[in-house]
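Taking it in order: structure first as structure tokens, then the write-up.
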Amino acid sequence: MILKDIDEIKKIRESAQLVSKTLGLMANEIKPGVTSLYLDKIAEEFILDNKAEPGFKGYDNFPNTLCVSINNEVVHGIPCDTPLKNGDIISIDCGVLKNGFYGDHAYTFSVGEVSKEVQELLDVTKKSLYIGIESMKEGNRIGDIGYAIENYIKIHGYGIVRELVGHGLGQSLHELPEVPNYGKKGTGKIIKNGLVLAIEPMINLGTEKIKINDDGWTFVTADSLQSAHFEHNIAVIDSKPELLSTYKYIYQALGIESDEEDKFNNFFNR
Ligand code: MG
Ligand code: MG
């Protein structure tokens, strides 16, 4: 694992915050009738206008700026010209590269009115992300993060995607260590100050089993039920988890009040 000094963490934060603003822009645009290709175009223009590069475009030959995963799609969906419908959920994962450092995070949005069952999947998945982040303190181990997420998700009976995991973040989009969303307490590498992670639970309404589509990119649930994905970028500073990304731009766009990030803002936002 590569530990970062505060100047490097500031650069990752700048990239992460640009992703946060891009997701805020998406929140304003998402509604029935809009296509994910249109969202992709707006996101790319915004990132370029901010003197950064889309972090995913061209990565392993991925064709677009956004990964857009709708309903039963788990992650890595390719933007397309199918209009969104009322009741859909759409996970948008976005990466940027600026000053040589990556930001990479994601949010699952509702399109119009979603069912109670699906709304609960979104709420629980996002909550599990914060529960995981709480475990990212100096002296804990990587397995403690996955353990915390799994323990909370288990109560709800959802499927935790096993094949895809969170990761270290910095000058590369994906650094070690891998951060599974399941695990055993007290296992894995020790968490230290300067560690920067992308923690990203991918949680299915039904089975944990997934498969890959014919496009070679899009992962979908094996039972075609919905899947949710929330991702934040976090650094360990002064032994505590510090959020580098934020959902506040999304919440501003949607008129939502939330204090969910407050306890992870001790260094930069106080
Ligand atoms: Mg991501
Ligand atoms: Mg990621």
Side-chain angles (χ1 to χ4, degrees), residues 15-98 102-115 118 121-122 125 161 164 173-174 198 200 202 204-205 210-221 224-231 233 245 247 249-254:
S15 296
Q17 294 276 316
L18 180 54
V19 175
S20 304
K21 288 174 188 160
T22 309
L23 293 178
L25 208 59
M26 299 296 101
N28 269 322
E29 297 291 338
I30 289 170
K31 48 182 165 298
V34 162
T35 71
S36 51
L37 213 46
Y38 170 75
L39 298 174
D40 187 71
K41 183 173 168 276
I42 292 182
E44 179 165 340
E45 284 171 4
F46 182 70
I47 291 165
L48 294 172
D49 282 349
N50 281 277
K51 300 183 173 36
E53 289 168 43
F56 297 166
K57 198 171 186 174
Y59 186 90
D60 280 347
N61 293 321
F62 188 77
N64 290 82
T65 293
L66 301 177
C67 289
V68 178
S69 308
I70 296 164
N71 297 333
N72 63 318
E73 296 170 353
V74 180
V75 286
H76 302 171
I78 298 174
C80 68
D81 57 8
T82 309
L84 295 172
K85 303 184 305 295
N86 185 50
D88 283 348
I89 53 171
I90 172 171
S91 152
I92 299 191
D93 194 348
C94 179
V96 309
L97 175 63
K98 189 173 183 177
Y102 282 93
D104 163 26
H105 69 108
Y107 191 91
T108 303
F109 298 86
S110 319
V111 182
E113 288 288 306
V114 302
S115 70
V118 168
L121 171 71
L122 301 184
T125 303
V161 173
L164 302 158
L173 181 57
H174 296 118
E200 49 179 316
M202 289 153 263
N204 301 342
L205 190 57
I210 59 172
K211 52 189 188 178
I212 194 156
N213 263 358
D214 291 342
D215 63 20
W217 276 105
T218 317
F219 287 96
V220 295
T221 56
S224 299
L225 291 177
Q226 286 90 339
S227 183
H229 178 214
F230 289 86
E231 177 176 22
N233 300 147
S245 52
Y247 292 149
Y249 302 106
I250 295 172
Y251 295 157
Q252 277 167 12
L254 301 178

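N204 and T221 are not linked by any side-chain donor-acceptor pair at a separation below 3.5 angstrom, with hydrogens and angles left out of the test. Side-chain contact annotation: S20 with H105, donor-acceptor N/O pair under 3.5 Å present.
Shortest non-hydrogen contact noted between V34 and E29 is CG2-O, 3.4 Å. In plain terms, the two heavy atoms of L18 and F46 that are nearest each other are CD1-CE2, 3.7 Å. For the pair I47 and C94, the tightest heavy-atom approach, listed with the atom from each and the gap, is CD1-SG, 3.8 Å. The two residues L121 and Q226 make their nearest non-hydrogen contact at CD2-O, 3.9 Å.
The salt bridge (charged side-chain N to carboxylate O under 4.0 Å, His left out) test applied to E113 returns no partner, not counting sequence neighbours. Residues passing the ring pair (Phe, Tyr, Trp, His ring centres under 6.0 Å) test with F109 are Y107, sequence neighbours excluded. K21 meets the salt bridge (charged side-chain N to carboxylate O under 4.0 Å, His left out) test with no other residue; sequence neighbours excluded. Listed by chain and residue number, H174 satisfy the ring pair (Phe, Tyr, Trp, His ring centres under 6.0 Å) test with Y59 (two or more places apart in sequence, or in another chain). In terms of the side chain to side chain contact (heavy atoms under 4.5 Å, CB included) criterion, residue partners of S110 (sequence neighbours excluded) are, by chain and number, V114, Q119, L122. Every residue meeting the side chain to side chain contact (heavy atoms under 4.5 Å, CB included) condition with T35, not counting sequence neighbours, appears here in chain and number order: L37, Y38. Applying the side chain to side chain contact (heavy atoms under 4.5 Å, CB included) rule to Q17 yields the partners R13, T246, Y249; only residues at least two apart in sequence or on another chain are considered. Not counting sequence neighbours, K211 has no partner by the salt bridge (charged side-chain N to carboxylate O under 4.0 Å, His left out) test. Judged as a side chain to side chain contact (heavy atoms under 4.5 Å, CB included), and not counting sequence neighbours, P83 has no contacts. Applying the salt bridge (charged side-chain N to carboxylate O under 4.0 Å, His left out) test to K31 and every residue at least two apart in sequence or in another chain returns nothing.
Applying the ring pair (Phe, Tyr, Trp, His ring centres under 6.0 Å) rule to pairs touching residues 75-94 yields H76-F219, sequence neighbours excluded.
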For residues 61-68, tabulate all N or O donor-acceptor pairs below 3.5 Å that involve a side-chain atom, not counting sequence neighbours.
from : atom 1 : to  : atom 2 : distance (Å)
N64  : ND2    : D40 : OD2    : 3.0
T65  : OG1    : E44 : OE1    : 3.0

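With contacts defined as side-chain heavy-atom distances shorter than 4.5 Å, the pair T108/I90 does not qualify.
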